[in-house]
Amino acid sequence: MIWKLFLDDDADNFRRPEISIENPEWRKAMDLPTAPPNTEPRLLGSWKIARSYKEAIDLFSQFGLPLFASFDHDLADGRDGISVAKRMIELDLDADGSLLSRFFCYEVHSGNRVGRENISGLLNGYLVHRASEADLSGLRPGDLLAGSSKEKDAEEFRVANALGWIEGV
């Protein structure tokens, strides 16, 4: 299933309605680019919100790993966003790299600068490592989608391309 995750302990339409990835004022306060990444609901569905580590892990159990995730650092259960990112990586490693989409995109919206850098560093490091481990020699057009889940990869590619996440296509 293709879906998007918003991980934030304060995400609550009643207490903090300004917390939204699409809100330019909130994005500016979080030191993010004013224009949000394209997370078109028509393609990715509505946001699935997790306020704690447990809620995020429950969503992974129910839906698999998201195609897009927006991370906060501090979570409601005393855990943090980096714990969620680590669990995503562990799940992907346990599945030989087949769970986390090769088109996965993320954003860290935490006001905690150190936490933001830690989450970004972990995810960037893993994604770069995973890409460098892939044997891309001798690829032909269409080979990118070869593998155990051709339909899933093709759908994720179609969505990521439609969202403008893939350059040069």
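Since the model is a prediction, treat every value here as computed from it, not as a measurement.
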>> If you compare all heavy atoms of Arg51 against all heavy atoms of Glu55, which two are closest, and at what distance to 0.1 Å?
In response: N-OE1, 2.7 Å

> How far does OG of Ser70 sit from NZ of Lys4, to the nearest 0.5 angstrom?
Replying inline: 10.5 Å

>> If you compare all heavy atoms of Ala162 against all heavy atoms of Leu43, which two are closest, and at what distance to 0.1 Å?
In response: CB-CD1, 3.6 Å

> Between atom CG of Leu5 and atom CG of Leu59, what is the distance when rounded to the nearest 0.5 Å?
Replying inline: 6.5 Å

> Quick one: does NZ or CZ of Lys48 land under 6.0 Å from the six-membered ring centre of Phe63, within 45 degrees of the ring axis?
Replying inline: yes

>> Using the side chain to side chain contact (heavy atoms under 4.5 Å, CB included) definition, which of the options Ile82, Leu100, Asn118, Ile89 pairs with Leu123?
In response: Ile89

> If you look at every heavy atom in Pro66 and Met88, which pair is closest and at what distance?
Replying inline: CD-CE, 3.9 Å

> Tell me, do Asp8 and Ile49 make a side-chain contact under 4.5 Å, heavy atoms counted?
Replying inline: no

>> Which heavy atom of Ala56 sits nearest to which heavy atom of Ala50, and what is that distance?
In response: N-CB, 3.5 Å

> Got a second to check how far Phe71's CZ is from Leu122's CG, nearest 0.5 Å?
Replying inline: 9.0 Å

> Between Gly81 and Leu7, what is the shortest heavy-atom contact and its length?
Replying inline: CA-CD2, 4.0 Å

> How are the rings of Tyr126 and His129 set to each other: parallel, tilted or perpendicular (split at 30° and 60°)?
Replying inline: tilted

> Taking the inter-plane angle between the rings of Phe68 and Trp47 on a 0 to 90° scale, is it parallel (under 30°), tilted (30 to 60°) or perpendicular (over 60°)?
Replying inline: perpendicular

>> Once rounded to the nearest 0.5 Å, what's the spacing between atom CG of Leu67 and atom CH2 of Trp3?
In response: 10.5 Å

> Ser110 and His73: which non-hydrogen atoms are nearest, and at how many Å?
Replying inline: OG-CB, 3.2 Å

>> Would you say Tyr53 and Asp58 are linked by a side-chain donor-acceptor pair, where the criterion is simply a distance under 3.5 Å?
In response: no

> Going by heavy atoms in the side chains, are Leu65 and Phe104 under 4.5 Å from each other?
Replying inline: no

>> How long is the straight-line distance from CZ of Arg116 back to CD of Glu107, given to the nearest 0.5 Å?
In response: 9.0 Å

>> Checking Val159 against Phe157 for the side-chain contact (heavy atoms from CB on, under 4.5 Å) test, could you report, in this order, the C-alpha distance in whole Å, the side-chain angles of both residues, the deciding distance, and whether it holds?
In response: CA-CA 5 Å; Val159 169; Phe157 175 82; over 6 Å; no

>> Would you say His109 and Asp72 are linked by a side-chain donor-acceptor pair, where the criterion is simply a distance under 3.5 Å?
In response: no

>> For a salt bridge (Lys or Arg N to Asp or Glu O under 4.0 Å) check, start with the C-alpha distance between Asp92 and Arg130, then their side-chain angles and the critical distance, and finish with the verdict.
In response: CA-CA 10 Å; Asp92 192 52; Arg130 191 174 76 164; 2.9 Å; yes

> Atom CG in Asn124, atom CD in Glu117: separation rounded to 0.5 Å?
Replying inline: 11.5 Å

